[in-house]
J.: 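Structure provided below as structure tokens; questions to follow.
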Amino acid sequence: MTFNNTLLRALDQQSLSHAPIWIMRQAGRYLPAYRALRARHAFSTLVHTPELAAEVSRIPIDLFGFDAAILFSDILVIAEVFGFAIEFLEGRGISLRPPDKEICLPPETTLDYVARTIRLLKSTLTVPLIGFCGGPYTVCRYMKRIEPEWLDRVTTASITYLQLQVDAGADVVQIFDSWAGLLPEEEFHHQALPYLRRLVSALQPSGVPIILFCRGASRWIHELSQLGVTGIGFDWEMPMSQLRRHVPEHIVIQGNLDPTLLEGEREPLKKGVDQILEAMRDRPGYIFNLGHGITPSASVDHVRWLVDYVRSFPLTPHRSSP
Ligand code: CP3
């Protein structure tokens with residue numbers, strides 16, 4: 001099979017016949033195959049065992065033919081560097097248990113299992129692999145450590161962590177700063193933006209395309225566009241027709257379907273998808289995605305339909321490819 005580089009070409013703003021598509025949390029609970037694996041293994045076991053993590057990453061690619069795979073892991077594994085234990089509470093989400101005394105381990109060895117998962121995936125995948133980390137603000141919020149020293153430590157560890165993923169073979173990286181964009185202005189400028197700037201600047205020399213996802217990103221288009229990222233992932237607060245007018249041309253746009261549309265009828269889903277694709281028909285640098293992670297109750301049939309539909313929706317060539 002030849003390598004499908006549609007995502008990389010969209011990130012390079014090349015003209016394409018259709019938009020690439022992948023879905024945040026595509027390797028997760030809406031998939032019966034994932035739930036079957038989870039019946040046999042704890043979440044933490046799936047994340048920490050490279051063979052299993054690679055298997056989970058591949059499920060949605062084999063099933064639906066997405067244009068990218070995302071590493072199966074979690075944004076909170078970075079906390080292991082500081083001795084926090086990730087505890088997955090069945091049905092009650094996730095919690096981080098702090099160590100008895102402060103420690104700081106090297107990310108390269110602590111998170112080496114992630115590099116091993118990436119190398120395993122890269123040996124068989126025929127689509128680009130997206131590596132990721134959490135935004136420093138979002139990670140510190142889950143660690144209950146929103147203080148400058150901690151934001152700084154998490155930023156430093158995240159730089160090494162993303163670099164490790166790139167060295168292992170990640171083709172693209174996404175930063176999930178899920179909570180940052182919803183902050184009031186003062187906090188956004190002090191607790192989120194400076195750390196994102198340092199993280200992105202440190203990664204830039206590697207040349208890897210960087211996508212930044214924030215809920216509420218449309219409130220900060222100007223600030224986020226100046227960070228040096230390749231693309232920004234948007235939620236559905238601002239319709240695509242408006243985003244398209246406000247986001248600078250050099251920034252790739254990703255998003256922004258309301259995930260709950262995958263839980264309902266086909267008609268409203270199609271209407272939502274059409275609105276997005278119509279708005280982006282002749283904009284180079286567009287990646288189809290949801291505005292937040294897919295929900296556990298999303299319909300697998302809708303997802304299958306969605307991938308085929310996005311792929312069959314013609315984009316109007318805007319400039320010729322080189
Ligand atoms: O498919 C993928 O996107 C790859 C893996 C991935 C997971 N989490 C697996 C996961 C990714 C990219 C994440 C990102 C993540 N994790 C974010 C940022 C994106 C977002 O949704 O805002 C955040 C905030 C987390 C932290 C986290 N992980 C929480 C709060 C929880 C518990 C609540 C929940 O959503 O389940 C998790 C658990 C988690 N991470 C699951 C998965 C598949 C569910 C585990 C299970 O029930 O088996």
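Remember, it's 1-based here, ligands and their atoms both numbered in the order they're listed. From a predicted model like this one, the values you see are computed outputs, not experimental measurements.
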J.: Give the numbers and elements of all ligand 1 atoms closer than 4.0 Å to a heavy atom of Ala27.
T.: 1 (O), 43 (C)
J.: To the closest 0.5 Å, what do you measure between CD1 (Ile253) and NE2 (His246)?
T.: 11.0 Å
J.: List ligand 1 atoms under 4.0 Å from Tyr142, heavy atoms only on the residue side.
T.: 24 (C), 30 (C)
J.: Test your reading of the model: is there a side-chain donor-acceptor pair from Tyr30 to the backbone of Gln26, 3.5 Å cut-off?
T.: yes
J.: Starting from atom 29 (C) of ligand 1, which protein heavy atom do you reach first, and at what distance in Å?
T.: Ile94 CG2, 4.0 Å
J.: Is there a heavy atom of Leu71 sitting under 4.0 angstrom from any atom of ligand 1?
T.: yes
J.: For ligand 1, which atoms sit closer than 4.0 Å to a heavy atom of Ser178?
T.: 18 (C), 19 (C), 20 (C), 22 (O)
J.: Suppose we measure from atom 39 (C) of ligand 1 to each protein heavy atom; which comes out shortest, and what is that distance?
T.: Phe43 CZ, 3.5 Å
J.: Does a side chain donor of either Asn4 or Thr126 reach within less than 3.5 Å of an acceptor in the other side chain?
T.: no
J.: If we ignore hydrogens and angles and just use 3.5 Å, is the side chain of Arg215 paired with the main-chain N or O of Gly181 as donor and acceptor?
T.: no
J.: Just wondering, are more than 12 heavy atoms of other shown residues or ligands nearer than 6.0 Å to NE2 in His250?
T.: yes
J.: Polar contacts were defined as any N/O atom of the residue lying under 3.5 Å from an N/O atom of the ligand; does this apply to Thr138 and ligand 1?
T.: no
J.: Quick one: nearest non-hydrogen protein atom to atom 32 (C) of ligand 1, plus distance?
T.: Gly93 CA, 3.7 Å
J.: Looking at Glu265, I want to see if its CD is surrounded by more than 12 non-hydrogen atoms of other residues, nucleotides or ligands under 6.0 Å.
T.: no
J.: Does ligand 1 come near enough to Trp179 that some N or O of the ligand is less than 3.5 Å from an N or O of the residue?
T.: no
J.: Any donor-acceptor pair under 3.5 Å linking the side chain of Thr138 with the backbone of Trp179?
T.: yes
J.: Check whether any heavy atom of Arg215 sits under 4.0 Å from an atom of ligand 1.
T.: no
J.: Please work out, at 4.0 Å between heavy atoms, whether the side chain, the backbone, both, or neither of Ser73 comes within that distance of ligand 1.
T.: backbone
J.: Which ligand 1 atoms, with their elements, are less than 4.0 angstrom from a heavy-atom of Phe72?
T.: 43 (C)
J.: Using modelled atom types only, decide if a donor and an acceptor are shared between the side chain of Asp235 and the backbone of Glu237 within a distance under 3.5 Å.
T.: yes
J.: Should Phe88 be listed as contacting ligand 1, given a heavy-atom distance under 4.0 Å as the test?
T.: yes
J.: One residue to check: Phe213. Relative to ligand 1, which of side chain, backbone, both or neither has a non-hydrogen atom less than 4.0 Å away?
T.: neither
J.: Is the count of non-hydrogen atoms from other residues, nucleotides or ligands lying under 6.0 Å from Glu267 atom CD greater than 12?
T.: no
J.: Establish, from distance only, whether the side-chain atoms of Glu263 and Ser297 form a donor-acceptor pair under 3.5 Å.
T.: yes
J.: Where is the nearest protein heavy atom to atom 15 (C) of ligand 1: which residue, which atom, and how far?
T.: Arg25 NH2, 3.6 Å
J.: List the closest protein heavy-atom neighbour of atom 27 (C) of ligand 1: residue, atom name, distance to the nearest 0.1 Å.
T.: Asp74 OD1, 3.6 Å
J.: Determine whether any heavy atom of Gly293 lies closer than 4.0 Å to an atom of ligand 1.
T.: no
